[in-house]
Amino acid sequence: MSIVFVLIPLAMVLLVVALAAFWWALRNAQFDDLDSPAVRILFDEDEGSVGDRRR
Amino acid sequence: MSRFTPPATALVPCFHCGLPVPPGRRLEATVDGLPRAMCCPGCVAAAELIAASGLGAYYRYREMPGATPEPVDARLAAELARWDAPAVQRTLVRREGGLCLATLAVEGMRCGACVWLLEQRLRQVPGVSHISVNLATARAEVAWQDRSTGLAALLAEFHRLGYRARPYRPEWAEAARQAEYRSALWRLAVAGLGAMQVMMYAVGLYAGAVQGMEGRYRDFLRWTSGLVAAPVLVVAGGPFFANAWRDLRNRRIGMDVPVALALALTFGASLLAAGLHVGEVYFESICMFVFLLSLGRFVEMRARHRAAAAVEQVLRRAPACATRLRDDGDPELVAVADLSPGDRVLVKPGETVPADGVITSGQGWVDESMLTGEHWPRAKRPGDAVVGGTENGESPLEMRIERTGSETVLAGLVRLVDRAGSARPRLAQLADRVAEVFVPWVLGLATLTALVWTWIEPARAFWIAVSVLVVSCPCALSLATPAALTVAAGALLRHRLLAMRPHVLETLARATHVVFDKTGTLTEGRVRLVRAVPEPGIGLDESLAIARAMERRSEHPIARAFETGPAPACGALPRLESVTAVAGRGLEAVIGGVRFRLGDPWWAASVVRPGGDDAASRMVGTPERSSGGAAWVLLAAESGPRCWFELDDAVRPDAAATVGALRALGLDVRLVSGAGATVVQGIAGRLGIGTALGGMTPERKLEHVREIQAAGGVVVMVGDGVNDAPSLGGADVAVAMGSGTDLARARADAVLLGERLEALVSAIRLARRTRWVIGENLVWAIAYNLVAIPFAVAGCVTPWLAALGMSASSLLVVLNARKLQ
């Protein structure tokens, strides 16, 4: 059971890493526009041809 | 007497913008190989441009119809061309290594497909090297080569597709909102991740409590929980402590006081428990509590930001540059920010008045619809005041600037709206009131519990009191309303009603009366030629042809009515020898050596020789022709009056169905309008509205709203102009039409986006369901607290039970809210 003395601090390190990553993303405007990137990925190929290709 | 009325409409929505296509119009554009019905030349141009650019996929992927484009005519092009002036670009365009960079504020974007369309289309423009469009902030970053294209050309491209773009000016408060959004999101993340971690440790502790666990493992788990809970409390819980402290200093008890108190006490007690190896730790409850509360606040903030952004769109209307006249009379182009009181400014036809001032020379029409909602322009002559942001008509005006910047009427109105928007929503106030009652009770109960337990079992007294506090934390209670409102606001948007203030749904559900303003709500707010009544012996076609030819030369809104009205059968229009516009009166033209006048009946009739005034009084006096509201225009020649034209606003096609549905919902529908009583009664009769009041001033409208409220009614006011602003402000829910004036929209609690009145009906139905769900949520939350508190007082609630109960009740509340989707 004493493995928890290693595993839990390890989990906390991961927590800090996760928060740091989130902080970085926030500062780099990754969360400023949550709507358009979701749609953009549908289109972002040759303009206009996505719909035709789908058929 | 020959007459015509527009035929009953078979509604075909415009393929581009979704507005009904006016009957009799045969405009089409070919998109994806099929002809599509269009409502106006602007839409045709936009659709053809989109199809020709190979971007037809836009129509398949968009979630809602686009905005109605205004055609890029010479006037708009001239307005946009001013952005190319170096004096204007100085502060708005950055130059980096041969590239020009600008941030644009874009209006009219509605979904991700708009972003895609704009980016793809602009990339096709030669010279554009980079563009990225942000839907959430409604901004676009553009970089282009100065040699190949100009800012004005890029802006025109936006307009062609139906969007409005202006260079973004940094004084707008968006940056502040962005910062607030980011820090709120950061707090949410800290609380969320922290809560997840601590919950995992807590599961270990719960298991240990049931199965038994060595002391060193238990203490280790407790301390790690505390270690994670501390930053959660400081980072994410910070605002609660700050607010509670502010409330206490103002000698008030708001919702944040019990929250802060519970957090501080629980955290202190848990630390004590961990340190002294007694009692229980509640770190997981603290984290969950902070996370759930932050979530509620986050939702509230988003609604507030949306309202503020809408206000800013009004500010964007103010022009950025003006033509200043130097002392020697030479014009120079300057940025509006550089204007100061006393400057003489030339406002060219079609330009926007740059700041508040007084006309010094010239006379003409100024479109003040932005302020008044009135569709008829106002006549202005030297000495009259003009307000910045209004639009000059067809003649140049010279004005002296009196007020600039933050002192202008526009800025003042925006401030007013802003202040109204930042007021706390009524629901939050309700929560505060609940807290004021709730907190002393809980504190009293906790103290009593502690006292009683000191007699029974002194060692456990403190911990049982703490568990009472934890259990009674109004977490589900505080989530009950925001959770339901958030889900409902999303659903509302799908019904094409944009709620700008959080209280909209709550109040819509309680509504008892719906009061419509006539112009622009039940009617379309566009002047239309309704009837033409020629004098005996005069041909209808000939009169129509003459009137149309004359109005072609005018930029007055009436002119559009003739242009879009029924066409004369004879085709060719007569040739005009000369046309002059007389401000406030009408048009005078010479055709084949004969003088014609078209306009105000008295003025027009005075051209008739001899005895023109007699003819006018005879005609104007006829009751049918002088009925209020609708305007009568007379075409007269020197030989005598020729033809009468009735101009009025057409009733929206879905108005009758909406009124019927609202009445079926048990609402009292009323029509209150500034138009003449006869007209208002007529429309009310046609739509089945029982109570209709005409000839109402804005003050009387407000009075009427107040009367209904005094009798216990809850009023939904639907209006579209700022002349409705007082009554909109006085109503319980103010709904503005999406096409209404910007200030009306900024004032409104909600905006109907799609020009469809029926959205109001579905919104009210949704609001009622939302109220029901909120009721369920509240009952559940209160019931949970009522059940849990006695157990806590009795000392039967262990920490894991408290945390489980709290999370489960909160989860239930959120899941229940999802029913509204």
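Chain naming here is simple, since letters A, B, ... match the order of the sequence lines and numbering starts at 1 in each.
The aromatic rings of A/Phe22 and B/Trp186 sit parallel to each other, their planes meeting at less than 30°, with 60° as the upper class boundary. Note: B/Tyr217 and A/Phe5 have parallel aromatic rings, judged against thresholds of 30 and 60 degrees for the angle between ring planes.
Proximity to chain A (any heavy atom under 4.5 Å) is shown, for B/Ile50, by neither the backbone nor the side chain.
Heavy atoms only, all atoms of each residue included: A/Met12 and B/Val228 are closest at CE-CG2, 3.8 Å. A/Arg27 and B/Arg182 make their closest contact through O-NH1, 3.8 Å (heavy atoms, listed as atom of the first residue, atom of the second, distance). Of all heavy-atom pairs between A/Val4 and B/Phe220, the closest is O-CE2, 3.7 Å. Listed here is the closest heavy atom pair of B/Leu193 and A/Ala18: CD1-CB, 4.3 Å.
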